[in-house]
Amino acid sequence: MAQKPSIPKGTRDFTPEEVVKRNYLFDVMKQAFANFGFQPIETPSFENSDTLMGKYGDEGDRLIFKILNSGDFLKKVDETDYREKDYAKLTGQISEKALRYDLTVPFARYVVQHQNEITFPFKRYQMQPVWRADRPQKGRFREFYQCDADVVGSTSLWQEVELVQLYDTVFSKLGLEGATIKINNRKILSGLAEVIGAEEKLIDFTVALDKLDKIGSEGVKKEMQEKGISAEAITKIEPLLSTADSPSEKLQTIKGLLSASEVGKQGIAETEFIVNTIDQLKLKACSIEIDVTLARGLNYYTGAIFEVAAPEQVNMGSIGGGGRYDDLTGIFGLKNMSGVGISFGLDRIYLVMEELDLFPKTVSANTRVLFVNFGNEEALYAMQAISALREAGISAELYPDDAKMGKQMGYADKRNIPFAVLAGGSEMDAQTYTLKNMKSGEQQTLSLDRLIDSLK
RNA sequence: GUGGUUGUAGCUCAGCUGGUUAGAGCGCUAGAUUGUGGUUCUAGAGGUCGCCGGUUCGAAACCGGUCUUCCACCCCA
């Protein structure tokens with residue numbers, strides 16, 4: 001081995017054991033999605049740059065993987081831009097395609113492009129990898145999977161209610177208890193900005209507010225100041241920043257603050273409808289919590305905002321998020337198409353499941369029985385039984401070489417194959433097979449029919 | 001994008017202030033055991049000390065660069 005090969009940072013290989021567990025997660029989600037009436041679609045790994053660029057803010061643009069044009073891509077580049085090393089202008093000239101950054105924007109593009117074939121409201125789910133040119137950390141990769149469920153073409157708040165239930169159903173099926181679904185509403189945030197007269201600083205305001213649990217009230221105030229929000233405005237929202245208050249106390253505070261804002265009042269009404277309805281319908285594995293400081297998520301959210309926090313005992317960021325966006329397809333030219341959706345972060349859910357040891361022990365796609373190879377004549381006899389077992393849906397294999405028995409048994413042991421079959425001369429004469437339970441060490445000699453029965 | 005951190009055998013890690021042939025445990029291979037694995041015993045294989053360059057009589061160790069790991073920002077699943 002000359003130079004050890006490697007893979008790009010933030011990417012991973014998956015071992016057979018990992019793939020089996022990941023597939024289990026995919027299966028549980030797929031079933032839940034279908035169960036809730038969502039239909040699967042898939043979109044390409046890469047899109048035209050102009051489909052993606054500018055949809056995730058400046059920070060997002062930086063994190064999009066751009067694909068270099070093929071051929072002599074420098075030929076067409078503008079001389080002046082090249083000489084001045086104008087990054088922004090050059091990028092557009094040498095890269096016309098980019099890897100998908102999330103599943104929501106490609107979905108919006110899909111809806112607009114296929115609007116005449118789609119029957120609305122359209123409920124779709126999608127489970128595909130996305131790529132971000134981020135700096136990797138724990139639970140943070142450059143290639144990872146998102147599992148999204150969205151509804152477009154309905155403004156009904158019942159969709160939000162159902163999506164909360166969908167989160168709960170998936171986590172409940174996975175045995176993952178204690179996740180918190182945090183909910184807020186963009187209209188509440190807009191209302192707040194309006195009341196304090198910082199409408200044009202809405203994004204800065206919400207980003208700072210979102211950091212409350214991380215940097216504390218002083219930190220938030222400082223950041224707001226730096227972003228140019230007036231001291232007077234900050235004083236008005238001061239009661240919100242008290243970390244001592246419970247979420248419901250905060251809600252009361254905010255109701256008072258927002259009494260002068262129509263948008264704000266609407267946001268509160270929507271959020272209370274969702275939470276009260278969920279309270280009546282009950283959740284199995286999760287809890288729901290109004291968090292007026294929750295502002296995570298992209299700028300395109302216009303109504304409800306969701307974020308799922310992993311159970312407290314695990315140190316992991318959010319394992320899911322979503323919200324309502326009234327205008328998403330608007331950027332592609334289709335107006336008045338409201339959508340709402342949620343996303344599951346498969347890779348982080350995997351890490352949480354692993355840390356809490358929640359994967360079922362039976363999750364494995366292992367061979368059930370290994371036939372020991374004693375030589376060609378015996379192997380032929382074994383193959384007849386193997387074919388019959390496979391026909392019966394039992395996964396069986398023959399050790400490929402006529403190796404020492406200890407080695408063959410050791411192989412079965414290492415791979416955790418639960419049964420071994422010994423079929424040599426004496427078994428052939430009697431038309432039987434000796435079945436060994438690798439765990440208990442018990443052996444019994446059986447006819448082919450009995451063998452199949454005992455392995456079922 | 002900013003700051004820090006990590007890299008020694010397949011894996012987990014030792015290796016004192018630079019000094020002969022770089023170590024351990026586990027794993028691996030072979031034998032003890034010619035139709036019986038997981039235990040035990042014995043022997044053995046396996047390392048450009050991430051990579052490139054520099055300092056030095058001498059570098060795994062010091063310096064610079066680069067890649068990788070993890071962490072805190074930014075941002076986010």
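Naming: A, B, ... by sequence-line order, numbering from 1 per chain.
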Chemist: For A:D134 and B:A72, what is the distance between atoms CG and C1' respectively, to the nearest whole Å?
Modeler: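 It works out to 13 Å between those atoms.
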
Chemist: Confirm from the modelled atom types if A:Q443 and B:U36 form a donor-acceptor pair under 3.5 Å, side chain to base only.
Modeler: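 Yes, a donor-acceptor pair under 3.5 Å.
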
Chemist: Looking at A:K211, I'd like to know whether one of its side-chain N or O atoms comes within less than 4.0 Å of OP1 or OP2 on B:C73.
Modeler: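 The answer is no; no side-chain N or O of A:K211 sits under 4.0 Å from OP1 or OP2.
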
Chemist: Is there a donor and acceptor pair, one atom on the side chain of A:D413 and one on the base of B:G37, closer than 3.5 Å?
Modeler: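 Present.
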
Chemist: Heavy atoms from C-beta onward define the side chain here; which of B:U29, B:G37, B:A77 lies closest to that of A:F141?
Modeler: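 The listed nucleotide nearest to A:F141's side chain is B:A77.
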
Chemist: A:F344 on top of B:A77's base, within under 5.5 Å and under 30°?
Modeler: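 So no, this residue does not stack on that base, at least one cut-off failing.
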
Chemist: Whether the A:T367 and A:R415 side chains hold a donor-acceptor pair (N or O, under 3.5 Å, no angle test) is what I'd like checked.
Modeler: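 There is such a pair between these side chains.
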
Chemist: Has A:Q137 got a side-chain N or O lying under 4.0 Å from the OP1 or OP2 atom of B:A72?
Modeler: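 So the side chain of A:Q137 is within the cut-off, an N or O lying under 4.0 Å from OP1 or OP2 of B:A72.
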
Chemist: Taking 4.0 angstrom as the limit, do A:R124 and A:D150 come out as a salt bridge?
Modeler: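 Looking at A:D150 together with A:R124, the answer is yes, because their closest N to O distance falls below 4.0 Å.
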
Chemist: Start with the C-alpha distance between A:N185 and A:Y301, add both sets of side-chain angles, then the distance that settles side-chain hydrogen bond (donor to acceptor under 3.5 Å, both in side chains), and finish with yes or no.
Modeler: CA-CA 9 Å; A:N185 197 298; A:Y301 292 134; over 6 Å; no

Chemist: Among residues 371-381 of chain A, which residues get a heavy atom nearer than 4.0 Å to RNA chain B?
Modeler: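 The stretch gives none, as no residue of it lies under 4.0 Å from the strand.
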
Chemist: When the nearest nucleotide of RNA chain B is assigned to A:G345 and to A:K404 on a heavy-atom basis, which residue is associated with the more 5' position?
Modeler: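 This one resolves to A:K404.
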
Chemist: Answer with yes or no after comparing the ring centroid distance for A:Y399 and A:Y411 against a 6.0 Å cut-off, counting only values under it.
Modeler: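 That pair passes the under 6.0 Å test.
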
Chemist: Tell me which of A:G406 and A:P8 sits closer to the 5' end of RNA chain B, going by the nucleotide each one is nearest to.
Modeler: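 Whichever sits nearer the 5' end wins; that is A:G406.
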
Chemist: A:Y101 OH to B:C75 C1': how many Å, rounded?
Modeler: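 Answer to the nearest Å: 7 Å.
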
Chemist: So for A:Q408 and B:G35, does any side-chain atom that can act as donor or acceptor lie under 3.5 Å from a complementary atom in the base?
Modeler: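 Between B:G35 and A:Q408, which were checked side chain against base, a qualifying N/O pair under 3.5 Å is absent.
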
Chemist: Using Watson-Crick and G-U wobble pairs whose two distances are both under 3.5 Å, how do you write the pairing of RNA chain B as dot-bracket, with | for links to another strand?
Modeler: ((((..(..((((.....[...)))).(((((.......))))).....(((((..]....))))))..))))....

Chemist: On a whole-Å scale, what distance lies between the C1' atoms belonging to B:U68 and B:U6?
Modeler: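 Result for the C1' pair: 9 Å, nearest Å.
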
Chemist: For B:U56 versus B:G50, give the span between their C1' atoms, rounded off to a whole number of Å.
Modeler: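 My reading of the C1' atoms in B:U56 and B:G50 gives 23 Å.
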
Chemist: Between A:K221 and A:E238, is the salt bridge (charged side-chain N to carboxylate O under 4.0 Å, His left out) condition met? List the steps.
Modeler: CA-CA 8 Å; A:K221 281 189 247 175; A:E238 182 116 36; 2.4 Å; yes

Chemist: Name the closest nucleotide to the A:K9 side chain, picking from B:A77, B:C74, B:U69.
Modeler: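 Of all the options, the side chain of A:K9 is nearest to B:U69.
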
Chemist: Would you call A:E47 and A:K97 a salt bridge, taking side-chain N to carboxylate O under 4.0 Å as the test?
Modeler: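 No, this pair does not count.
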
Chemist: Report, one pair per line, the protein and nucleotides 2-7 of chain B atoms (nitrogen or oxygen only) whose separation is under 3.5 Å.
Modeler:
unit_1, atom_1, unit_2, atom_2, d
B:U2, O4, A:R135, NE, 3.4
B:U2, O4, A:R135, NH1, 2.9
B:G3, O6, A:R135, NH1, 3.3

Chemist: Evaluate A:R324 against A:S338 for side-chain hydrogen bond (donor to acceptor under 3.5 Å, both in side chains), listing each step before the verdict.
Modeler: CA-CA 7 Å; A:R324 179 171 288 276; A:S338 184; 2.7 Å; yes

Chemist: Can you tell me, in whole Å, how much space there is between the C1' of B:C70 and that of B:U29?
Modeler: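 Per the computed distance, 35 Å lies between those C1' atoms.
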
Chemist: Rounding to a whole Å, what distance do you find between A:D13:CG and B:U69:P?
Modeler: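 Computing the A:D13:CG to B:U69:P distance gives 12 Å.
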
Chemist: With respect to the side chain of A:R140, which nucleotide from B:C74, B:G35, B:C71 is positioned closest?
Modeler: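 When the side chain of A:R140 is considered, B:C74 is the closest of B:C74, B:G35, B:C71.
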
Chemist: Taking the six-membered ring for Trp and the single ring otherwise, decide whether the centroids of A:Y381 and A:Y433 are under 6.0 Å apart.
Modeler: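 Judged by ring-centre distance (under 6.0 Å), A:Y381 and A:Y433 do meet the cut-off.
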
Chemist: Testing the basics here: between A:L103 and A:Q146, what is the closest heavy-atom pair and its distance to 0.1 Å?
Modeler: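 Distance-wise, the nearest heavy atoms are CD1-O, 3.3 Å.
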
Chemist: Between B:A22 and B:C51, how far apart are the P atoms? Round to whole Å, please.
Modeler: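 Each nucleotide's P atom is 16 Å from the other's.
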
Chemist: Would you call A:R12 and A:D347 a salt bridge, using N to O less than 4.0 angstrom?
Modeler: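 Yes, this pair counts.
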
Chemist: Quote, to the nearest angstrom, the C1' distance that separates B:U34 from B:C11.
Modeler: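 Their C1' atoms lie roughly 34 Å apart.
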
Chemist: Check the distance between B:C76's C1' and A:M316's CE and give it to me in whole angstrom.
Modeler: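 It works out to 13 Å between those atoms.
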
Chemist: With a 4.0 Å limit, can you tell me whether A:K414 has a side-chain N or O closer than that to the phosphate oxygens OP1/OP2 of B:C28?
Modeler: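 Yes, such a contact exists.
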
Chemist: Side chain of A:L422 only, please: which of B:A77, B:C74, B:U36 is the nearest?
Modeler: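 Of the options given, the side chain of A:L422 lies nearest B:U36.
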
Chemist: Under the ring pair (Phe, Tyr, Trp, His ring centres under 6.0 Å) criterion, do A:Y350 and A:F359 qualify, and how do the steps go?
Modeler: CA-CA 9 Å; A:Y350 181 99; A:F359 281 109; 5.3 Å; yes

Chemist: Can you list the steps and then say if A:F344 with A:Y145 is a ring pair (Phe, Tyr, Trp, His ring centres under 6.0 Å)?
Modeler: CA-CA 9 Å; A:F344 291 82; A:Y145 273 75; over 10 Å; no

Chemist: Can you check side-chain hydrogen bond (donor to acceptor under 3.5 Å, both in side chains) on A:S447 and A:D449, steps first, answer last?
Modeler: CA-CA 6 Å; A:S447 68; A:D449 289 345; 5.5 Å; no

Chemist: State whether the distance check finds a donor on one side and an acceptor on the other, under 3.5 Å, for side chain A:K436 versus base B:U36.
Modeler: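 Checked by distance alone, the answer is yes.
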
